[in-house]
Participant: 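Below are the structure tokens for one structure; questions will follow.
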Amino acid sequence: MQKLLRVEELALKLGEVTILKGVSFQVAQGATVGIIGPNGCGKTTLFNCLNGFHRSAPGTIFFRGADISASSPYLRARSGLGRVFQNSGVFRSLTLYENLLVALEARDRVLFWNRQKVQHNRLIAQYLSDFGLSDKAHDKASSLSGGQLRLLEIARSVAVGAELLLLDEPTAGVSPKMKGDVERVLRKLVELGKTVVVIEHDINFIQNICQRILVMDQGRIVLDDSPVAIRSNPALQDIYFGGS
């Protein structure tokens, strides 16, 4: 299977603190990969390097076969690498329809009254349906629950053209029902041919949706295996709670 993302010996030191220590891994196109590990192990910092927030980090990042290590966050996003943050970044004063329209116009670089308006309306309706938000189309994003905001942000990333989505704790602070909705949406992303890398603390959730799990500890990837193998590995408990 084609490798969509390849990371080689990625390292990062901020001040006197070394955050990442030679991180290397690959993600195949269409895969769902989970990243877990104790707080402070470097998971979110890894995402910050992947989407270009930290561009001075030694190491190499390849996306779609191209070296993007020196590319800006904007260019990485334009190439199809999307990031969904733990704290939602949607336009809360706009409706859901308007949030998705902004994403489509940014992708296609057209104005609302352009001849593509009909196509945009069709796509917005499809995205809202795919992500379970059809009845909220003309509500302000500020009226949504935390879980619904997360769904809208994922939908917006897809609308802007993301092929690889980096999701940072998509179920953090959401209700049990919304966790089910988020899981359904992530499965929908796979149906749409998207590639997903997700940071998550809920190992039950991540085991349900991911084909593979990376375990980070102290800035390194220390385990890389199937969900079943990771969960049964005695080293996992040592990583989270310390060895006996």
Side-chain angles (χ1 to χ4, degrees), residues 4 30 32 47 50-53 63 72-200 205 209:
L4 187 65
T32 53
F47 271 17
L50 295 180
N51 83 320
F53 285 179
F63 182 61
S72 68
Y74 166 77
L75 289 176
R76 297 186 198 201
R78 290 292 300 179
S79 71
L81 198 159
R83 172 85 180 270
V84 175
F85 296 86
Q86 187 174 347
N87 296 316
S88 176
V90 303
F91 299 112
R92 293 172 182 259
S93 63
L94 300 182
T95 66
L96 277 66
Y97 171 90
E98 290 166 338
N99 266 278
L100 293 175
L101 182 61
V102 168
L104 288 170
E105 289 180 345
R107 182 191 71 184
D108 297 334
R109 302 180 185 182
V110 297
L111 297 176
F112 178 79
W113 51 84
N114 185 274
R115 61 187 178 183
Q116 289 194 2
K117 177 182 175 181
V118 172
Q119 180 184 2
H120 283 174
N121 285 342
R122 178 183 60 78
L123 286 172
I124 290 169
Q126 185 63 56
Y127 292 141
L128 290 171
S129 175
D130 286 344
F131 293 94
L133 297 169
S134 293
D135 60 336
K136 305 285 186 181
H138 299 291
D139 293 351
K140 293 289 181 68
S142 59
S143 70
L144 300 180
S145 68
Q148 290 170 331
L149 284 169
R150 204 66 47 80
L151 296 180
L152 175 59
E153 190 160 14
I154 295 172
R156 195 177 63 169
S157 293
V158 173
V160 86
E163 292 298 327
L164 168 62
L165 290 102
L166 306 175
L167 309 181
D168 196 345
E169 296 195 42
T171 68
V174 308
S175 68
K177 181 204 177 288
M178 282 304 306
K179 274 192 178 184
D181 291 341
V182 172
E183 181 177 336
R184 177 186 58 78
V185 162
L186 297 190
R187 294 187 186 282
K188 183 66 179 180
L189 292 177
V190 174
E191 290 178 16
L192 294 173
K194 306 299 181 183
T195 304
V196 177
V197 180
V198 55
I199 293 171
E200 184 56 67
F205 176 86
I209 64 168

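Owing to the predicted nature of the structure, the values given are computational and were not obtained by experimental measurement.
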Participant: Just verifying a value: how many Å separate Leu152 CG and Leu100 CG, rounded to the nearest 0.5 Å?
Facilitator: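 These two atoms lie 6.0 Å from each other.
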
Participant: Mind listing the closest non-hydrogen atom pair of Leu165 and Ser157 along with its distance?
Facilitator: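 Taking every non-hydrogen atom into account, CD2-CB, 3.7 Å.
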
Participant: For Asp130 versus Arg184, what's the shortest heavy-atom pair and its separation?
Facilitator: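 Taking Asp130 first and Arg184 second, the nearest heavy atoms are O-NH1, 3.1 Å.
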
Participant: Any side-chain heavy atom of Glu105 within less than 4.5 Å of one from His120?
Facilitator: yes

Participant: Could you walk me through whether Asn121 and Tyr97 satisfy the side-chain contact (heavy atoms from CB on, under 4.5 Å) test, starting with their C-alpha distance in whole Å, then the side-chain angles of each, then the deciding distance to 0.1 Å, before giving a yes or no?
Facilitator: CA-CA 9 Å; Asn121 285 342; Tyr97 171 90; 2.5 Å; yes

Participant: Measure across Arg92 and Leu149 and return the closest heavy-atom pair with its distance rounded to 0.1 Å.
Facilitator: NH1-CD1, 3.4 Å

Participant: Rounded at 0.5 Å granularity, tell me how far CG in Leu144 sits from CD in Glu153.
Facilitator: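 Answer for the CG-CD pair, Leu144 versus Glu153, is 11.5 Å.
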
Participant: Go through the steps for Asp181 and Val174 under the test side-chain contact (heavy atoms from CB on, under 4.5 Å), then give the verdict.
Facilitator: CA-CA 10 Å; Asp181 291 341; Val174 308; over 6 Å; no

Participant: How many angstroms lie between atom CD of Glu98 and atom OG of Ser93, to the nearest 0.5 angstrom?
Facilitator: 8.0 Å

Participant: Hey, are Glu183 and Arg187 close enough for a salt bridge, meaning a charged N less than 4.0 Å from a carboxylate O?
Facilitator: yes

Participant: Is it true that a side-chain atom of Arg150 and a backbone atom of Pro170 form a donor plus acceptor pair closer than 3.5 Å?
Facilitator: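 It does hold such a pair.
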
Participant: Check the pair Arg156 / Val84 against side-chain contact (heavy atoms from CB on, under 4.5 Å), numbers first and verdict last.
Facilitator: CA-CA 9 Å; Arg156 195 177 63 169; Val84 175; over 6 Å; no

Participant: Do Lys188 side-chain atoms and Phe131 backbone N/O form a donor-acceptor pair below 3.5 Å?
Facilitator: no

Participant: For Ser134 versus Ala125, what's the shortest heavy-atom pair and its separation?
Facilitator: OG-O, 4.5 Å

Participant: Do Thr32 side-chain atoms and Ile209 backbone N/O form a donor-acceptor pair below 3.5 Å?
Facilitator: yes

Participant: Does some side-chain heavy atom of Leu133 sit less than 4.5 Å from a side-chain heavy atom of Asp139?
Facilitator: no

Participant: In Å, rounded to the nearest 0.5 Å, how long is the span from CG of Leu186 to CG of Leu151?
Facilitator: 8.5 Å

Participant: Could you tell me which non-hydrogen atom of Ala106 sits nearest to which non-hydrogen atom of Val160, and how far apart they are?
Facilitator: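 Reported closest heavy-atom pair: CB-CG2, 4.4 Å.
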
Participant: Once you round to the nearest 0.5 Å, how far does CG of Leu164 lie from CZ of Arg83?
Facilitator: 11.5 Å

Participant: Can Phe47 and Val197 be said to form a side-chain contact (heavy atoms from CB on, under 4.5 Å), step by step?
Facilitator: CA-CA 9 Å; Phe47 271 17; Val197 180; 3.9 Å; yes

Participant: Indicate yes or no for a side-chain donor-acceptor contact from Asn51 to the backbone of Pro73 under 3.5 Å, with no hydrogens or angles considered.
Facilitator: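 Not a single qualifying donor-acceptor pair exists.
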
Participant: Work out which heavy atom in Asn99 is nearest to a heavy atom in Ala141; give both atom names and the distance.
Facilitator: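 That would be ND2-CB, 3.9 Å.
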
Participant: Going from OG1 on Thr195 to CZ on Phe63, what distance comes out if it is rounded to the nearest 0.5 angstrom?
Facilitator: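 CZ of Phe63 is found 7.5 Å from OG1 of Thr195.
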
Participant: Taking the side chain as every heavy atom from C-beta outward, state whether Arg107 and Leu123 have any atom pair closer than 4.5 Å.
Facilitator: yes

